[in-house]
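Below is one structure, written out as structure tokens; the observations come after it.
Note that these values count all heavy atoms, side chains included, but never hydrogens, waters or copies made by symmetry. Note that this is a predicted model, so its numbers are computed, not measured.
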Amino acid sequence: MSAQLAPETIQLVKATVPALRQHGLAITQKMYEHLFKNEEIRDLFNQSHQGANGSQPKALAQAILAYAENIENLGALALAVERIAQKHAGLNILPEHYPFVANALLQAISDILGDAASDDILKAWGEAYWFLANILIGREAEIYRETATVPGGWAGWRPFVIEKVEPESSVICSFYLRPQDGGAVISHKPGQYLTVLLQGDGLPPLKRNYTISCAPNGSYYRITVKREGRASTWLHEHAAAGTVLEVSPPAGDFHLDVGQSEPIVLVSGGVGLTPMVSMLETVAEKRPDLPTWYVHGALNGAVHAMGSHVRGLAQRSPNIDVKVFYADATSAVGEAGGCDEEGLISADWLHRNTPSDRATYFLCGPKPFLRDIAVGLRDAGVSPDRIRYEFFGPADDLLAA
């Protein structure tokens, strides 16, 4: 791989920016149409994010545009590249998969742009694609080596047995997973996720990311799943103690640094609590000195999961402060396991009630919720590098201008 792209390649790619702004979504939709003619490649993707209204084509269109706009300053894309590499590692994407994407992308550019997609333009985009692809392939190889060689590590898919299933609310259950081989597991970073392969009982292969909701322990993982969507509904209806699931190693760049010295504020909505519970358990066990605020929002007590568990962690850890919001309160304010505030969490409330001048904020939940909180905190003066977020689905930049 060359150390950098040729100047003429950079110039040609940048010249396509106006066309990408206008036609980027059409290009990525057409790309997936070509790509999914190959069933093996199609099965690598979460199909719920595809289609005319899917989030994946939109996210990829934004990523391609950002690449073209920043092709002279790829350092600006470092965080995005890391997130993509982590997602790919969870899905076990391999170097041999990349040519299929290259061919589909170039064909889509040609299809949508027509005569404007000259041979020179297609050649430049081919070079630009492989330049970035080789960066990703190199990083993914590092991740695979790391997860295969650490204690409890493995490569590819590993069978796990569901040890038990625990209802957490009317719509959320926790599944405890132990390796079928009886061995140890990687001590994940609090906030990371597992990729689970579901198949059988007439179900086509489905790959889904589920955040690990327990602290690292070296023995088992817990995933806490809302009954929503085909894969999660299958887990609720068919998975039980003894069910075997194929699991890839923990992945993800959204996680707590256990050595963090400044205060942290964890903010979640709905089932977005899963990485926060992992972080809270870790703080309670390993960093009881760390000032920690946890603010969670739920519709009401019926759907609020793990409330008593979280309050128990706070009772044992004087530096953990928990506040719960119910949009439709059904239990008395302050009641154990209930809510402390009625209504919705707002950036203004967080700014006034947490140490916004020095804390790092970790956010997880539905995209509209995250966007309101992230943008509101930024506009209130919180530095973007202290606002970290995770949501379910393709990556997006919530703080983009």
Side-chain angles (χ1 to χ4, degrees), residues 83 86-87 90 147 150-153 160 162-166 168-169 172-179 184-196 208-226 232 235 247-260 263-288 290-298 304-317 319-322 324 359-365 370 388-392:
R83 176 164 289 196
Q86 292 287 338
K87 290 286 187 182
T147 56
V150 297
F160 277 68
I162 296 178
E163 181 179 55
K164 62 178 177 177
V165 181
E166 286 189 350
E168 302 287 4
S169 79
I172 295 174
C173 285
S174 286
F175 299 82
Y176 290 73
L177 310 177
R178 288 187 183 271
V185 300
I186 297 171
S187 290
H188 63 283
K189 298 173 183 177
Q192 288 190 306
Y193 55 82
L194 300 174
T195 302
V196 178
R208 295 294 187 269
N209 300 138
Y210 292 112
T211 305
I212 304 166
S213 63
C214 60
N217 55 69
S219 300
Y220 70 89
Y221 299 120
R222 180 179 66 204
I223 58 173
T224 301
V225 180
K226 181 180 180 181
S232 298
L235 280 172
V247 179
S248 66
D253 64 335
F254 176 81
H255 53 77
L256 174 68
D257 177 1
V258 179
Q260 173 93 20
I264 60 171
V265 181
L266 315 178
V267 186
S268 60
V271 77
L273 61 84
T274 50
M276 308 313 178
V277 175
S278 178
M279 293 180 190
L280 280 175
E281 288 187 359
T282 303
V283 169
E285 293 175 13
K286 298 183 178 180
R287 288 297 311 278
L290 181 64
T292 302
W293 282 255
Y294 178 40
V295 185
H296 178 65
H304 179 197
M306 309 180 90
S308 296
H309 175 60
V310 165
R311 291 193 187 276
L313 292 173
Q315 289 173 358
R316 297 194 300 272
S317 305
N319 287 310
I320 295 178
D321 186 340
V322 172
V324 175
T360 298
Y361 289 80
F362 293 83
L363 317 177
C364 187
L370 290 182
R388 305 197 59 201
Y389 50 85
E390 178 77 293
F391 52 80
F392 313 114

Test side-chain contact (heavy atoms from CB on, under 4.5 Å) applied to T292 and I264, step by step
CA-CA 5 Å; T292 302; I264 60 171; 3.6 Å; yes

Please test C214 against Y176 for side-chain contact (heavy atoms from CB on, under 4.5 Å), starting from the C-alpha separation and ending with a verdict.
CA-CA 10 Å; C214 60; Y176 290 73; over 6 Å; no

Test side-chain contact (heavy atoms from CB on, under 4.5 Å) applied to L266 and V295, step by step:
CA-CA 6 Å; L266 315 178; V295 185; over 6 Å; no

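In this structure, F254 and F362 have perpendicular ring planes: the angle between them is above 60°, well past the 30° mark.
Distance CZ/R388 to CG/L256: 9.0 Å, rounded to 0.5 Å. Distance OG1/T211 to CD1/I223: 9.5 Å, rounded to 0.5 Å. Distance CZ/R316 to CD1/I320: 8.5 Å, rounded to 0.5 Å.
Of the possible polar contacts, none joining the Q260 side chain to the D257 backbone as a donor-acceptor pair under 3.5 Å is found. Under the 3.5 Å distance criterion, the side-chain polar atoms of S248 are matched with a main-chain donor or acceptor of G90.
Closest non-hydrogen pair, K87 versus N209, comes out as NZ-OD1, 3.6 Å. A pairwise comparison of heavy atoms in T147 and P249 identifies CB-CB, 3.8 Å as the closest pair. Among all heavy-atom pairs drawn from V185 and S219, the shortest one is CG2-N, 3.5 Å. I212 and S278 get closest at one heavy-atom pair: O-CB, 3.3 Å. Between E390 and L370, the shortest heavy-atom distance links the atoms O-CD1, 3.3 Å. Between A305 and L273, the shortest heavy-atom contact is O-CD2, 3.5 Å.
Here salt bridge (Lys or Arg N to Asp or Glu O under 4.0 Å) pairs that include residues 265-281, with residues two or more places apart or in two chains, are R222-E281.
Legend: residues meeting salt bridge (charged side-chain N to carboxylate O under 4.0 Å, His left out) with E163, ordered by chain and number and at least two apart, are R178. Among residues two or more places apart in sequence or in another chain, the ring pair (Phe, Tyr, Trp, His ring centres under 6.0 Å) test is passed with Y221 by F160, H188.
Considering only heavy atoms from C-beta on, V277 stays 4.5 Å or farther from T224 through its side chain. Contact of the V324 side chain with the R311 side chain is registered, since non-hydrogen atoms from C-beta on lie closer than 4.5 Å. In this structure the side chain of P216 reaches within 4.5 angstrom of the side chain of T282, judged on heavy atoms. When side chains are defined from C-beta on, S232 does not count as touching R208, because their heavy atoms never get closer than 4.5 Å. The shortest distance between side-chain heavy atoms of V225 and I172 does not fall below 4.5 Å.
Under the 3.5 Å distance criterion, with hydrogens and angles disregarded, a donor-acceptor pair is assigned to the side chains of H296 and S268. In summary, the side chains of Y210 and T274 do not present any donor paired with an acceptor at a separation below 3.5 Å, with no hydrogens or angles considered.
With S174 as reference, E168 is the one residue of H309, E166, E168 to meet the side-chain hydrogen bond (donor to acceptor under 3.5 Å, both in side chains) rule.
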